[in-house]
> 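There's a structure below that I have some questions on.
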There are 2 protein chains.
Amino acid sequence: MGRRRPGAPTLEEVAAHARVGRGTVSRVINNAAGVKDSTRRAVQQAIEELGYVPNLAARSLAGRRADAVALVMTEPDWRQFAEPFFSEIVNSLGNALTDTGMQLLLTLVRSDTERQRFLEYARGGRVDGVLLMSVHADDPLPDMLAEARLPTVLLGRRSGEEYVSYVDADNIGGARSAVSHLVQRGRRVIATITGPLDLYAAQCRLRGYEEALKLAGLKGEPTLAAESDFTADSGRRAMAELLDRHPDIDGVLAASDTTAAGALEALRAAGRRVPEDVAVIGFDDFPLAQQTEPRLTTVRQPIEEIGRAMIRLLLEEMEEGAVAWRHVILRTELVVRDST
Amino acid sequence: MGRRRPGAPTLEEVAAHARVGRGTVSRVINNAAGVKDSTRRAVQQAIEELGYVPNLAARSLAGRRADAVALVMTEPDWRQFAEPFFSEIVNSLGNALTDTGMQLLLTLVRSDTERQRFLEYARGGRVDGVLLMSVHADDPLPDMLAEARLPTVLLGRRSGEEYVSYVDADNIGGARSAVSHLVQRGRRVIATITGPLDLYAAQCRLRGYEEALKLAGLKGEPTLAAESDFTADSGRRAMAELLDRHPDIDGVLAASDTTAAGALEALRAAGRRVPEDVAVIGFDDFPLAQQTEPRLTTVRQPIEEIGRAMIRLLLEEMEEGAVAWRHVILRTELVVRDST
DNA sequence: TCATGGATTGGGAGCGCTCCCGATTTGTGG
DNA sequence: CCACAAATCGGGAGCGCTCCCAATCCATGA
């Protein structure tokens, strides 16, 4: 099954063709120093003429490196995958990786079989490091990777006691400042639409919400919180439910911009004006936040910085061999627009 | 950069530990026949005890195979990536690949640099085959892969004269039967919201629409067609535009369910009842089609079959070394629900 | 009991590349 | 023109596995 085309030129053939040694060709294709300019050109010409492409398996084997990192989505529910957060993150990781010469491979782990297969793939040395996103509290994969001594960086953490390296946004602080802003705007009955609460990030945002209420001397009732799964649809439903329970709501913090967009629709359907009757704040600051009507006030997550930080941590860990875990928490920022 | 943990046990060490030869261990880990049961068990125990994991680079090098296929998204516009079509397809490909033991790697090609890097990766033998989705008419990647003799299968084709292997749905037939159904329902002013017309699939659906109109003796004006990019938002806009141009529209064929959902909203906003005033048909039959109000009549694309067919073609091509191109066109089916 | 042939098994010969050290070439100053 | 160091270069020694053939084992039937 799947033999490679035979007769692909090898490094040795290039060397013969250019009348130099193997080492020299190797130096040239790896852009290493210590090759006379004239020689380098001769080799490059030979490569050109033969249409030589290095065999990456051989390179991996000899060099003990794969020059690739995997981005793993552990999400049995595929809907998640289609959310903008995902594509934004992939984008920023791609950018951050561009000049390292490494390939970014996305991998999907939807079942135990697939988890096992990925583990074999990773432990088999096909990737130098692993990036994990949307890790739920009970996901064992990070531990398995850590045990295998594979450089690993999580996007977000599974709990407050996470040890595996991670990059996270300051969810508590972001939510807190959002709610404080609502309070400053004179809102008194402030509800929240949370994300799925088995995600630590969602818990943190809820915590920030509660803290800010307490700080403002407002009482936070459990009935002022409704859970969503980050989709617009669930946001719509949650908002309708909240309005049902508390018709006097005048402020809402949503778990994401997408959710907030759903909430806006529900509010419109219920005949509430935004922001006059109800002020709404989203979370993420995706492009979407500027396309809603009215444009969303939201808590900006520095996606680009998150991507860069993840890659930086991963490279560091690869460098020194996964002997320590590093954590980075990035500041969030309130972006005030028209919905508050 | 990125040395693998040293001291990982090798096949040779396992052999020594189990007091057998290298070949025997190889046979065991590859589940090959011709090993006595008792020997097999002994080897398995040794593997267990040493925590042995095969080095995939070495396996690739010696076996001239990668046991992985890449799914490439060539889409400079990331929004596309977040559409349900993508996750559905990935899902079905994942299923189809499950029992081949191969890894599915998603790769993103957003720029020329990335295209080049991917090409090196693929030609370097890191994957045995390539699946390409959402290929636009002017995408050179399929040709480059074909030239490199890499087994390749497209999802959809770039034009009517596509030669590279592909799996496609019968877009013309699907659109035609959808419009015929509208005609049967007594509709006379039938519009269409097309997909981006640089996608051949979108052209075909438009063609099917036109053919059916002609068949029914209705005249099709260019102003009865509006272009979208498959998103709900563009569907909404296109529908509003169509209503503007032809207030007497009583039937619409949308380019996808997502687009149709947008169209439904625009119709509602314009005060039209569906299906009483205007009948709407989507395309794809995603779960979404059953969640709209009213539930969508739509043209079902057999996603699961498409995934299976793509994998089958790819495996065949890998088997025989990309000496021929194969094409499969899958039948589509009208699913009648409440919007017509 | 002993050939006979199929079932197992061992291990040599690579796969194509990187690493690295010793050899060769080149350049420099006296 | 020569000694000596620096800049280049060549190629042996693997990396860990699969392939495959020769060697060994074993059950059978005459």
Side-chain angles (χ1 to χ4, degrees), chain A residues 1-43 46-47 50-67 120-121 123-126 128, chain B residues 1-43 46-47 50-67 101 120 123-126 128:
Chain A
M1 189 204 298
R3 298 279 171 290
R4 278 188 63 219
R5 62 201 175 292
T10 70
L11 177 147
E12 192 119 19
E13 286 164 20
V14 173
H17 193 270
R19 301 171 182 290
V20 299
R22 262 188 358 266
T24 305
V25 178
S26 177
R27 258 159 250 149
V28 170
I29 62 180
N30 289 296
N31 263 316
V35 182
K36 219 191 305 179
D37 257 15
S38 57
T39 316
R40 184 180 298 272
R41 268 194 301 277
V43 171
I47 289 176
L50 267 47
Y52 168 72
V53 180
N55 176 317
L56 296 183
R59 176 177 285 178
S60 282
L61 182 56
R64 291 112 182 285
R65 106 183 27 136
D67 285 323
E120 259 170 48
Y121 185 84
R123 299 220 302 156
R126 298 298 275 242
D128 298 321
Chain B
M1 189 201 300
R3 300 276 172 292
R4 277 187 63 219
R5 62 200 174 293
T10 71
L11 177 145
E12 191 119 21
E13 287 164 18
V14 173
H17 193 271
R19 300 169 183 293
V20 299
R22 256 182 10 262
T24 304
V25 178
S26 178
R27 259 159 249 148
V28 170
I29 63 180
N30 289 298
N31 263 316
V35 181
K36 219 191 304 177
D37 257 13
S38 57
T39 316
R40 186 180 295 273
R41 268 195 300 277
V43 172
I47 288 176
L50 267 47
Y52 169 73
V53 180
N55 177 318
L56 297 182
R59 174 176 287 178
S60 282
L61 181 56
R64 291 117 182 283
R65 108 185 20 142
D67 286 323
E120 261 169 48
R123 300 220 301 154
R126 297 299 273 244
D128 298 321

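Within every chain, numbering begins at 1; the chains are lettered A, B, ... in the order of the sequence lines, protein sequences first and strands thereafter.
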> Determine: side-chain N/O of B:Asn30 to OP1/OP2 of D:dT18, distance under 4.0 Å, yes or no.
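Yes, because at least one side-chain N or O of B:Asn30 sits under 4.0 Å from OP1 or OP2 of D:dT18.
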> Looking at B:Ser26, I'd like to know whether one of its side-chain N or O atoms comes within less than 4.0 Å of OP1 or OP2 on D:dT18.
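It does, given that an N or O in the side chain of B:Ser26 lies less than 4.0 Å from OP1 or OP2 of D:dT18.
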> Taking atom C1' of C:dC17 as reference, at what distance in whole Å does atom CZ of B:Arg59 sit?
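Rounded to the whole Å, the gap is 20 Å.
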> Whole angstroms only, please: what is the CZ-P distance between A:Arg64 and C:dC19?
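Between P of C:dC19 and CZ of A:Arg64: 10 Å.
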> What's the CG-P distance between A:Leu56 and D:dC17, to the nearest Å?
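Between P of D:dC17 and CG of A:Leu56: 19 Å.
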> For B:Leu61, check side-chain contact (heavy atoms from CB on, under 4.5 Å) against everything at least two apart and list the hits.
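Counting only residues at least two positions away or on another chain, B:Leu61 forms a side-chain contact (heavy atoms from CB on, under 4.5 Å) with A:Asn55, A:Ala57, A:Ala58, A:Leu61.
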> Of the non-hydrogen atoms in A:Thr24 and A:Val35, which two are nearest, and what is the gap between them?
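Result for this residue pair: CG2-CG1, 4.2 Å.
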> Taking CG from A:Asn31 and C1' from C:dC17, how many angstroms apart are they, rounded to a whole number?
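For the pair A:Asn31 CG and C:dC17 C1', the rounded distance is 17 Å.
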> Could you tell me how far apart B:Arg123 (CZ) and C:dG16 (P) are, to the nearest whole angstrom?
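Distance check: B:Arg123 CZ to C:dG16 P gives 15 Å.
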> Grab the two heavy atoms, one from A:Val53 and one from B:Gly124, that are nearest each other, plus how far apart they are.
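Closest approach of A:Val53 to B:Gly124, heavy atoms only: CG1-N, 4.0 Å.
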> Report each atom pair, protein N/O against N/O of nucleotides 4-11 of chain D, whose distance is under 3.5 angstrom.
{"from": "D:dC9", "atom 1": "OP1", "to": "A:Thr39", "atom 2": "OG1", "distance (Å)": "2.3"}
{"from": "D:dC9", "atom 1": "OP2", "to": "A:Lys36", "atom 2": "N", "distance (Å)": "2.8"}
{"from": "D:dG10", "atom 1": "OP2", "to": "A:Gly21", "atom 2": "N", "distance (Å)": "2.6"}
{"from": "D:dG10", "atom 1": "OP2", "to": "A:Thr24", "atom 2": "OG1", "distance (Å)": "2.8"}
{"from": "D:dG10", "atom 1": "O6", "to": "A:Arg27", "atom 2": "NH2", "distance (Å)": "2.8"}
{"from": "D:dG11", "atom 1": "N7", "to": "A:Gly23", "atom 2": "N", "distance (Å)": "3.4"}

> I'd like to check the side-chain contact (heavy atoms from CB on, under 4.5 Å) partners of A:Arg19; sequence neighbours left out, ordered by chain and number.
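Per chain and number, A:Arg19 pairs via side-chain contact (heavy atoms from CB on, under 4.5 Å) with no residue.
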> Would you compute the distance between atom CG of A:Leu11 and atom CZ of A:Arg59 and round it to the nearest 0.5 angstrom?
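Here the rounded value is 9.0 Å.
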> Out of curiosity, B:Glu12 CD to B:Tyr52 OH, how far, rounded to the nearest 0.5 Å?
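If I round to the nearest 0.5 Å, the distance is 10.5 Å.
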> Could you tell me, to 10°, how much the axis swings from one end of the helix from C:dT1-D:dA30 to C:dG30-D:dC1 to the other, five pairs per end?
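The angle separating the two end axes equals 40°.
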> Got a sec, which residues hit side-chain contact (heavy atoms from CB on, under 4.5 Å) with A:Ala62, two or more places apart in sequence or on another chain?
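For A:Ala62, no residue satisfies side-chain contact (heavy atoms from CB on, under 4.5 Å) once neighbours in sequence are set aside.
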> Starting from the C-alpha separation in whole Å, work towards a yes-or-no answer on side chain to side chain contact (heavy atoms under 4.5 Å, CB included) for B:Arg27 and B:Val20.
CA-CA 11 Å; B:Arg27 259 159 249 148; B:Val20 299; over 6 Å; no
> Calculate the interatomic distance between A:Arg65 atom CZ and C:dC19 atom C1'; express it in whole Å.
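Going from A:Arg65 (CZ) to C:dC19 (C1'), I get 11 Å.
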> Checking contacts here: which listed nucleotide (C:dC17, D:dC15, D:dT18) is nearest the side-chain heavy atoms of A:Leu61?
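Comparing C:dC17, D:dC15, D:dT18 against the side chain of A:Leu61, the answer is D:dC15.
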> Not counting sequence neighbours, which residues clear side-chain contact (heavy atoms from CB on, under 4.5 Å) with A:Glu120? List them please.
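A:Glu120: no side-chain contact (heavy atoms from CB on, under 4.5 Å) contacts found.
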> Could you check which of C:dG14, C:dC17, D:dC15 has an atom nearest any side-chain atom of B:Ala62?
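The answer is C:dG14.
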> Figure out the CD/P separation between B:Glu12 and C:dT9, and round it to whole Å.
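So the CD-P distance, B:Glu12 to C:dT9, works out to 18 Å.
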